[in-house]
Amino acid sequence: MEMKKINILFAGMLMVSGSLTTSCSESFLDVESKTESNTETFYKTESDAWRALIGCYAGWRETTSSGTIPIVMSSIMQSDECLAGAGVNDAHNFDAVDQFDQSKAPSYTNLWENDWKTYYVAIDRCNELLTREDQIAWKDQTLRRQYIGEAHALRALCYFDMVRMFENIPLLTVPSSENVTQADPDDVYDLIFADLKYAADSIPADAYPKANAASNDGHITAYGAKGILARAYLYYTGRFGKEPASCTKAEALAACEDIIKSGEFALIPLFKNLWPASSSNALEAAANGTYEEWLANSTYAGPGNKEFVISMKCNYTQDYNGNNDGNRWLINLGIRGIQSIDCSPYGYGWGICTVNPSLYSAYGDGDQRRDATIIDIAGEGIDQKTDFAKNCIGDQREYTGYYVKKYTPMATTDCTPLPILWGAPGDAMTSQWQDVIILRYSDVLLMAAELGSSQAQTYFNMVRQRAYTDADGKLNSKYTELTVSKDNIMKERRLEFAFEGIRYYDLLRQGIDVAANAIAGTIQVTNGGQAGSVTTTADNIKSKNGLCQIPNNQITLSNNVLKQNAGW
């Protein structure tokens, strides 16, 4: 396997649709370009369709790789999982996100603008391919269903993120520059369910088998579409208190059961091995260290493992020259101020999204997920490192003693960031390589249980038992069986999916009052080593109905056709 090059699909290939260039020369001869593509010369062959599909995937990944506040980072800050964090002299824009309070950063009226723009670029690329389907000379109808099915699934994923974040968004199903009004959310969900059903019915079940996951990792499969359909159904019914017009509970449950019955997926035996940092010990510096050497010396199950149903692929080849294929936001979550402090396997970051101590305390004794999910600074002895108190705590705002472990930069014992060790063309800011996990098999099991499967107790037990499995593979003595129920499933989901961008929306789908009451409260912190506190009020969350701020620039550009969400 090449160095983190398992997904050649995305790296270094032309991103068409949104980035097609015109071919007309300014010469009076009007000579047609022999090297550049445009919408008139493109979309002719299956190869063109493949390149266009790559552009759709690249557009989707741009929501992570362009330095934005992506849905994962935003939602863990909005939930009861994390605080804003950052440095003592940093801007307070994240406070406005964390506390749902514009007064914390009055001038930041475009908090999520990059998200808004990158999502619509990705949607436009999908729309372009979908509307050009019939002009492509398809030789293989199975391949046609596969490519077009994936484009439908990607558009659904983008709209599902957008409608959860903003709820009131323009709905575009064809390439367009029109200034359109915000759609009824029901219409957006109708498209999401239609796209996902199309993908589930069209993408061949054997198109990307997990048996060959190392080469096929990263594609949206029929099973991935089915899993997101169930997630969208549960969110919609909880959020709006009614059944969607275009998906039934029976369909959502059947989607989950199809994934389970397929035999394509399974739980990784030890939870910690799902995450690079929790599956690695201290990493000795190596002059010629490679990704393969790191992987061989860790217990990491690897990208594309049998538990990951959908992954957004990232690589360490991102740079400042337009090659956007990395996990750009991951650096934000790293431990602050440890650039020259050996905290291997952890690398430095900006200390954003410090962890709420209540989450650490929520894990039961013997639950292996706690230490695989959260960096406990005192528990791991990091607070005793030379200069840690001065460099980290002294410059950290909203310090709680806990950082995110699932998504954190990594470095060797001489503090070399792993991407740099592997020859990244960028730096630790741009070239973080960890994939963003969108859907895991454990989520499918818990959704099936919640939807009323006859095997609900078995599925619930599978997830809990894995959490209490020790390194020797045996169930530890702290495990106690719980009866499956909606309340117990929600508690389990909080622990299982912490920092995966799921908790906030699990709270919202239980009702705005439930979400507000769970998130609101006062947390004791230190700011630059001085005692302080962070307070979030339930009223702030309720006044905004849990929604994100629509970028003011977009409202202005629309000549006020777009309307701001309440409370912002």
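- A donor atom on one side chain and an acceptor atom on the other are found under 3.5 Å apart for Q78 and S74.
- Considering only heavy atoms from C-beta on, L446 stays 4.5 Å or farther from Y441 through its side chain.
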Audit row: Y399, Q530, side chain to side chain donor-acceptor pair (under 3.5 Å) steps and yes/no: CA-CA 10 Å; Y399 177 79; Q530 303 300 311; over 6 Å; no
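- At a threshold of 4.0 Å, the pair K385-E380 does not count as salt-bridged, since none of the basic side-chain nitrogens sits closer than that to a carboxylate oxygen.
- Here the CZ atom belonging to R466 is positioned 13.0 Å from the CG atom belonging to L475, to the nearest 0.5 angstrom.
- Between the side chains of Y57 and K313, no donor N or O sits under 3.5 Å from an acceptor N or O.
- The pair E307-R440 counts as a salt bridge, with a side-chain nitrogen and a carboxylate oxygen less than 4.0 angstrom apart.
- Checked by atom type and distance alone, the side chain of Q318 pairs as donor or acceptor with a backbone atom of S65 at under 3.5 Å.
- Looking at D367 and K478, no side-chain N of the basic residue comes within less than 4.0 Å of a carboxylate O on the acidic one, giving no salt bridge.
- The distance from atom CG of L445 to atom CE of M462, rounded to the nearest 0.5 Å, is 5.0 Å.
- Defined by atom type and a distance below 3.5 Å, a donor-acceptor pair is missing between the side-chain atoms of Q99 and N540.
- For the residue pair Y402 and D376, no side-chain donor N or O sits within less than 3.5 Å of a side-chain acceptor on the partner.
- Partners of P419 by side-chain contact (heavy atoms from CB on, under 4.5 Å), not counting sequence neighbours, listed by chain and number: Y316, P417, A424, S431, Q432, W433.
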CA sep, side-chain torsions, deciding dist, call: D101, K544, salt bridge (Lys or Arg N to Asp or Glu O under 4.0 Å): CA-CA 10 Å; D101 188 350; K544 297 169 181 63; 6.0 Å; no
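- Each of T118, N114, N324 was checked for a side-chain hydrogen bond (donor to acceptor under 3.5 Å, both in side chains) with E62, and the lone residue meeting it is N324.
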side-chain contact (heavy atoms from CB on, under 4.5 Å), that's the test. Do T480 and R464 meet it? Break it down for me. CA-CA 9 Å; T480 56; R464 269 188 58 78; 3.9 Å; yes
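- For D95 and R397, the salt-bridge test passes: some basic side-chain N is under 4.0 Å from an acidic carboxylate O.
- Here the shortest heavy-atom pairing between Y223 and I259 reads O-CD1, 3.3 Å.
- In terms of modelled atom types and a separation under 3.5 Å, the side chain of D435 and the main chain of C314 share a donor-acceptor contact.
- A side-chain N or O of D161 and one of Y119 form a donor-acceptor pair less than 3.5 Å apart.
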For E496 and K491, run salt bridge (Lys or Arg N to Asp or Glu O under 4.0 Å): C-alpha distance rounded to whole Å, both residues' side-chain angles, the deciding distance at 0.1 Å, then the answer. CA-CA 9 Å; E496 179 75 13; K491 289 178 180 177; over 6 Å; no
Applying side chain to side chain donor-acceptor pair (under 3.5 Å), run through T317 and D325 and close with a yes or a no. CA-CA 7 Å; T317 54; D325 60 7; 2.4 Å; yes
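- The aromatic ring centres of W275 and Y300 sit 6.0 Å or more apart.
- Note: Q339 CD to N391 CG = 8.0 Å, rounded to the nearest 0.5 Å.
- Side-chain atoms of Q396 come within 3.5 Å of backbone atoms of A86 as a donor-acceptor pair (strictly under, hydrogens ignored).
- Partner of R239 under the side chain to side chain contact (heavy atoms under 4.5 Å, CB included) criterion, out of E167, R164, Q510: E167 alone.
- For the residue pair N476 and D470, a side-chain donor N or O sits within less than 3.5 Å of a side-chain acceptor on the partner.
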Please determine whether salt bridge (Lys or Arg N to Asp or Glu O under 4.0 Å) holds for the pair E150 and R155, giving the CA-CA distance in whole Å, both sets of side-chain angles, and the decisive distance to 0.1 Å. CA-CA 9 Å; E150 288 181 61; R155 184 171 69 177; over 6 Å; no
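- Side-chain atoms of T299 and K272 form a donor-acceptor pair, as typed in the model, at a separation below 3.5 Å.
- The distance from atom CG of D443 to atom CG of D506, rounded to the nearest 0.5 Å, is 7.5 Å.
- Counting only N and O atoms by type, the side chains of Q368 and Y363 include no donor and acceptor under 3.5 Å apart.
- By the side-chain contact (heavy atoms from CB on, under 4.5 Å) test, Q102 is found to be paired with Q549, W568, residues two or more places apart in sequence or in another chain being considered.
- Not a single donor-acceptor pair under 3.5 Å links the side chain of N356 to the backbone N or O of L359.
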Check the pair T290, W422 against side chain to side chain donor-acceptor pair (under 3.5 Å), reporting the backbone distance first and the verdict last. CA-CA 5 Å; T290 65; W422 298 337; 6.0 Å; no
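- Y348 approaches A428 most closely through the heavy-atom pair OH-CB, 3.6 Å.
- Closest heavy-atom contact between G334 and T408: CA-OG1, 3.8 Å.
- With hydrogens and angles left out, the side-chain atoms of D342 and S344 include no donor and acceptor closer than 3.5 Å.
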Does the salt bridge (Lys or Arg N to Asp or Glu O under 4.0 Å) test come out yes or no for R509 and E450, once each step is laid out? CA-CA 13 Å; R509 68 184 177 91; E450 186 177 346; 2.7 Å; yes
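- Within 6.0 Å of CG on D472 lie more than 12 heavy atoms contributed by other residues, nucleotides or ligands.
- The closest side-chain heavy-atom distance from L547 to M165 is not below 4.5 Å.
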